[in-house]
Every structure is written in structure tokens, then in C-alpha cells.
Amino acid sequence: MNFKINPKNMRRLAATALLLAAGCSNDTTTPTGTVSAESENAAMDQGKIALQTTRALNNEQLVEDLTGGFEQGLAGEAAGIEMEFGSELPDLNLGVAEYTLGARLAQSRRSHPARAARAPQIAGKDFGDLLYQDTEENFDGSITVISVYQDAPESVVRVEAVSTWPQGNLLLTSSTDEVVIDRGADYESEADDIWFSFRSKLEFTWGAELERVLDARAQGGFQDNLQVPVVSTFKPRANHPRLLDQVTTLVVDLQLLEVDNDELFVSVDRITRFKGQAHDGGQPRVVESLEPSSPVAEGEEPCGGSASRAVSFDSKSPLVDWTDQIDWACDDTGTVSRTVNYSDDTTDSLSLSRAANGIVTLQAADRDGSTATGSFDEAAGTFTVSKQCPAGSDPVGATISGQSNADGTQWSLDEEIEYADGFMERNHLEGSETADRRELSGYTVNRDGRTDFSLASNLEETVFEGMVSNDQGESLEFRVETLADGGYLLDFVAEDATARVEGHFAVDAAGCGEGTLIIDEGENHAEIKVTFCENEMQDDTGRLTRSL
């Protein structure tokens, strides 16, 4: 944990500070040699409040809320809901290595289909006619049927090799490789061959299919420096509860065919479709796209480009569609945007842009009609966000600003909330961290007046010290020390214009303990022994119990 504050928690921290300050009583009677019953009751209440607040400070979730990362200041506003489709998609392994086409084509030339392409030409055959067929038994128990079909023009053939496992296979029922080759003028030589396309299909034992196609026929066949699409289509088993199919298109720059592993990524697009009907009448779907500003090699990080993800939801969903878009340049400038449309014709939108000078700007609009604008200066470590609420709202708007040094060990936040009657609520937080101490301090100004507070801890967070005071003359100082056995010690002093309450409590790991309240009211003095269990004081009915 570190003292870097999320702006969203400023009001909660202010509320905690007010809780600490509450309970000091102005309602006293004439001293009678002992403190008044009202002061004693107020002291008991103050002890309860101190214990409740200590419990809150020792509650990990609250402490994390109060001291959550400053760097997450806008992340909570920008975060979207998870979209879990449960599609159980396989890993399609879309790395360039799988599509090193020089190696793939070289391998194919040595395979059954490539050798079968050398089969003698049979005159007078029409398109699609079988020219040659052979059957081979393989070492793994599979049987491969090799067929050569006439294509067009006359020198072009389609060679298909289909392998099956009559004795069964754990993963596959069949495997199909298909190539289309122009054998050139000399059918017996590979020197003038032109490869037009390659197709591979796997049929799995559970009913799914995966097919990949590389087709360069429209471009005159595979050649150096050609950009060719690699289309992968996955179809799940017919009874899959949600998924229809997934089609991925990877465009690859072949570079030199005779050189392995020199191919480059050009772009990748993927469409995943689900069963059902979307709001626009089509299938619910996810459409993803990535295009680097220039082709990149396997494992290389693109310095610029664009990426997008668009989700179209089922018509039963309150969400219609969700689109994320990012465009970035090699100089680290760019824009990230999000748009979410709902079935009630409302829209959430968010845009973050980074300029060449390092300034990040924010523009956002919520479906409730509120808008936000802001900026973040990376070099100065400062940011400002202003929010305007819809017409008729109260409050009408708010502004949050902050700054931090480079390593986040010193920072400050300010919040101003404007109300419809013109009243301005103000909150301020600042924090610092040294080699052995973390400190947090600030104030809040609201309709009840001003409250100042401070909180500090050691780095191990075994000791907390704090102070709260307000402009009504009420104040509280406290110290909490966590013990090795899970219990803790609490010491506090609470004062107002008429009374002073000093408390010393020892609490065990189960939350029960005992302590002393020392009350001074003018010239009157009293000490009260008390016992308690924290779980009995979670509502207004719980009280400290006086020990006689």
C-alpha cells in the first residue's frame, strides 16, 4: 500500500474524518463534583466512535480504498464491463512462424500432393475430371488417398491428399491437404511450376473443423514480395451452445520465397460469431482488427498503427454494441476511444488523446447526460478533470485537479463541487512518502463547515497516528498500534469547548477488549472502566459496557 489517492475516494475520506470528529458533546449540566451524565454518555459514545474508526482503519479494503493508486485516477471511470461469451475457442496459433510460406511451400513440394502433380497428363479431360488416384498406408495406421483433378487451363491441376484413421485417432478423424499447381509447359519438370493456392483442413473427433487457405491465384501465383491472405476458419461441433464460427484473415508479405522466416505481418482481422440474433438482425459477434503502420516481423512490436474491437450483443441484452478503437503513431501520439450504445438509445463515450508535447486530453459523455473534459501533463505530473452534470441535477458539476512528482512520493489533489444554489464544496488531499513514514493530510469544506485531518503510518503499517479538527472547536487525536497476535492498542484524546475525553483501549484478535475513559469537564474529573466487543457495536444500539 502507498499513499497515492484515487480522487473518487476523497469524499469517503472526508466522511471518515467527520466520523472521527463526531460525538464531542456541548450538552452538559451544572457540575456536581462529578462529570454530568450527558458528558459521561458523550465520552462513551466517543469511545465507541474511536473503536469503530480504528476498526475501519484496520480493515484492509477501506485502507486500500483510501490509499488506492493515484495513477488509477481516471481508470475507474474508463473501465468497461467484462464481456464473457464462454466460447471455448481453441488456440489458433496465428504467429507468423506458422505461415512461413517459403518453408511451407518447400515442404509441400516434397509431400504426396506435390509428387502426384507429376502424374502423366490425360488428354481430353474436362475441368474437375479425375486424372490420377493412388492409396498409401502410413506408419501411424492412417490411409492417404491422393487424387489429381483437372483444373483450368489445361496445364493446371488440383492435387488432394485425404488421410483417415480406420483404427481411430485421439484427435483427428481426417486431414486434407490440397494444392493447385500450374505445371507449366514441361509437365515432368518443377522448374516452370507456379503454385496458385494451398488448403489444409483438420476434422476433429469431437466434431470441430479447422481450415486454412492461402490463395494467390488472382495475383498470378506465389512469388517474391507478394502480400497474400491466410484465411483460417474454425467451426465448433454442431451442438456447441454458443459459438457459430470464427474466421481469421492474416495478410502476410512473403518477401523472398526461397528464404525461410523472413515473412512480415501486414494486418490481421478476426470475426467471431455466436448463436442468436443481434439488435441489427445479424448474429451476435466480435470483430477485431490490427494493422501496424508498416509490416512487422514475428515478435516485433509495431511502433504505430490501428486496432479495433467491436462487439454486437444479443437482442436480449441491454447493450446494443461496444466499440474500442486505438490509433497510435511512432512518435507516441495517438487516440484511444470507446463507444457503448444501449437499447434505450443512450450512449457512453470516452476518448483519450496524446499530443506530441506529452499532453493527454480526455473527453467523455455518460448515458445520463453528464460530460467530462480533462487533461494530463506527463512532464509536469499534473491533471485536471471537469465534469458537468445533466440539467436539473444538484450538484451541477465538479472539478478535480492534482499533481505528483516523478516517483509518486509526493502528490496533492483538489476537488471542487458546485451546487445549484451556488455553494461550492471543497476537498483537499496531499500525501508524501519517506524512507520510514507515509503521511496523508487534507481538509474538507462543506455546508457543516471545515474539517482538517491528518493520517500517518510507518512503512510496515503497524502504527497509525491521526488528527481531526473542525471549526466548531472539536478535535480528536488518536494512535493505533497493531500487535503481533492480531490485537491492537488504541489511545485517543477528544476535546470540545466544554469537555475533554481521553481513552486507552486494548483489543484482542477477536475484537473484544477493555479500557479506560478519562473525562474532564471544567473542574470535574472522572475515570470509567469499560469492556466491549466490536461486533456488538456495528449499529446505533451497541454501547460500551461500564465495569463496576
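Basis for what follows: all heavy atoms, side chains included, without hydrogens, waters or symmetry-related copies. Please read these numbers as outputs of a predicted model, since none were measured by experiment.
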Kindly say whether Leu319 contributes a backbone atom to a donor-acceptor pair with the side chain of Ser317 at under 3.5 angstrom? yes
Quick one, Arg447 with Asp421, criterion salt bridge (charged side-chain N to carboxylate O under 4.0 Å, His left out). Give me CA distance, side-chain angles, the key distance, then yes/no. CA-CA 12 Å; Arg447 296 182 190 274; Asp421 61 359; 3.1 Å; yes
Working to the nearest 0.5 Å, report the span between CD of Glu291 and CG of Asp327. 10.5 Å
Here the gap from Leu350 atom CG to Gln363 atom CD, rounded to the nearest 0.5 Å, amounts to 10.0 Å
How about Leu476 and Met467: do any of their side-chain heavy atoms sit closer than 4.5 Å? no
Side-chain heavy atoms of Ser308 within contact of Glu288, under 4.5 Å: no
Side-chain donor-acceptor contacts of residues 502-511 below 3.5 Å, not counting sequence neighbours, with atom names and distances?
| residue | atom | partner | partner atom | Å |
| --- | --- | --- | --- | --- |
| Glu502 | OE1 | Arg500 | NH1 | 3.1 |
| Glu502 | OE2 | His504 | NE2 | 2.6 |
| His504 | ND1 | Asp491 | OD1 | 2.5 |
| Asp508 | OD1 | Ala510 | N | 3.0 |
| Asp508 | OD1 | Gly511 | N | 3.0 |
| Asp508 | OD1 | Cys512 | N | 2.9 |

With the threshold set at 4.0 Å, does a side-chain nitrogen-carboxylate oxygen contact exist between Arg450 and Asp471? no
Please find the pair of heavy atoms, one from Gly397 and one from Cys389, that lie closest to each other, and give the distance. N-SG, 4.0 Å
Least distance between heavy atoms, Phe478 atom then Leu490 atom: CB-CD1, 4.4 Å
I'd like to check Ser412 versus His428 (side-chain heavy atoms, cut-off strictly below 4.5 Å). Are they in contact? yes
Judged by modelled atom types alone, do Glu481 and Tyr488 share a side-chain donor-acceptor pair under 3.5 Å? no
Please evaluate residues Leu489 and Leu483 with respect to the criterion side-chain contact (heavy atoms from CB on, under 4.5 Å), reporting the C-alpha separation (whole Å), side-chain torsions for both, the decisive distance (0.1 Å), and the verdict. CA-CA 7 Å; Leu489 303 176; Leu483 304 177; 4.1 Å; yes
Spell out, as yes or no, whether a donor-acceptor pair under 3.5 Å connects the side chain of Trp328 to the backbone of Cys303. yes
If you measure only the distance, is there a donor-acceptor pair under 3.5 Å linking the side chains of Asn427 and Thr444? yes
For Val266 against Pro295, the heavy-atom pair lying closest together: CG2-CG, 4.1 Å
Is it true that Thr339 and Asn341 share a donor-acceptor pair across their side chains at a distance under 3.5 Å? no
How about Thr384 and Ser401: does a side-chain donor come under 3.5 Å of a side-chain acceptor? no
Do Glu300 and Phe265 come close enough that some side-chain heavy atom pair is under 4.5 Å? no
Distance check, rounded to the nearest 0.5 Å: Ser386 atom OG versus Leu362 atom CG? 10.0 Å
Of Leu290, Val252, Val251, Leu250, the one forming a side-chain contact (heavy atoms from CB on, under 4.5 Å) with Ser267 is Val251
Ser353 to Thr335 - nearest heavy-atom pair and separation: OG-OG1, 3.1 Å
Criterion side-chain contact (heavy atoms from CB on, under 4.5 Å) against Phe274, the qualifying member of Val286, Asp314, Leu244: Val286
Tell me, with the steps shown, if Thr347 and Tyr342 meet side-chain contact (heavy atoms from CB on, under 4.5 Å). CA-CA 6 Å; Thr347 299; Tyr342 298 85; 5.8 Å; no
Distance in Å, Arg285 CZ paired with Ser312 OG, rounded so as to fall on 0.5 Å steps: 3.5 Å
Given 3.5 Å as the limit, does a donor-acceptor pair link the side chain of Ser454 with the main chain of Ser441, or not? no
Polar side-chain atom of Asp377 near backbone of Gly381 as donor-acceptor pair, under 3.5 Å: no
Begin from the C-alpha positions of Arg437 and Glu465 and carry the test side-chain contact (heavy atoms from CB on, under 4.5 Å) through to its verdict. CA-CA 11 Å; Arg437 186 175 176 86; Glu465 297 176 334; 3.7 Å; yes
Residues which pass salt bridge (Lys or Arg N to Asp or Glu O under 4.0 Å) with Glu378, listed by chain and number, not counting sequence neighbours: Arg354
Counting C-beta onward and ignoring hydrogens, is there a side-chain heavy-atom pair between Gln388 and Thr399 closer than 4.5 Å? no
Between Asp269 and Ser289, is any side-chain donor less than 3.5 angstrom from a side-chain acceptor? yes
Would Ser349 and Arg338 count as a side-chain contact (heavy atoms from CB on, under 4.5 Å) if you check the C-alpha gap in whole Å, the side-chain angles of each, and the deciding distance to 0.1 Å? CA-CA 6 Å; Ser349 65; Arg338 166 171 291 167; over 6 Å; no
Checking side-chain polar atoms at under 3.5 Å, does Thr531 have a donor or acceptor matched by the opposite partner on Glu514? no
Please examine the side chains of Tyr419 and Glu425, heavy atoms only from C-beta on, and report whether any two atoms are closer than 4.5 Å. yes
Check whether Thr333 reaches the backbone of Ala355 with its side chain - one donor and one acceptor, N or O, closer than 3.5 Å. no
Taking all heavy atoms of Ala310 and all of Thr323, pick out the closest pair and write down the distance. CB-OG1, 4.0 Å
For a quick test of reading the model, state the closest non-hydrogen atom pair linking Arg270 to Thr248 and the distance between them. NE-OG1, 3.1 Å
Just checking Asp485: does its CG atom have more than 12 heavy atoms from other residues, nucleotides or ligands closer to it than 6.0 angstrom? yes
Side-chain heavy-atom pair Phe376, Thr382 within 4.5 angstrom cut-off: no
Can you find a heavy atom in the side chain of Phe313 that is under 4.5 Å from one in the side chain of Pro318? no
Can you measure from CD1 (Ile359) to OG (Ser375) and round to the nearest 0.5 angstrom? 6.5 Å
Interatomic distance, Asp245 atom CG to His240 atom NE2 [nearest 0.5 angstrom]: 11.5 Å
Between Asp366 and Gly369 (side chain of the first, backbone of the second, donor and acceptor by atom type, cut-off under 3.5 Å), is there such a pair? no
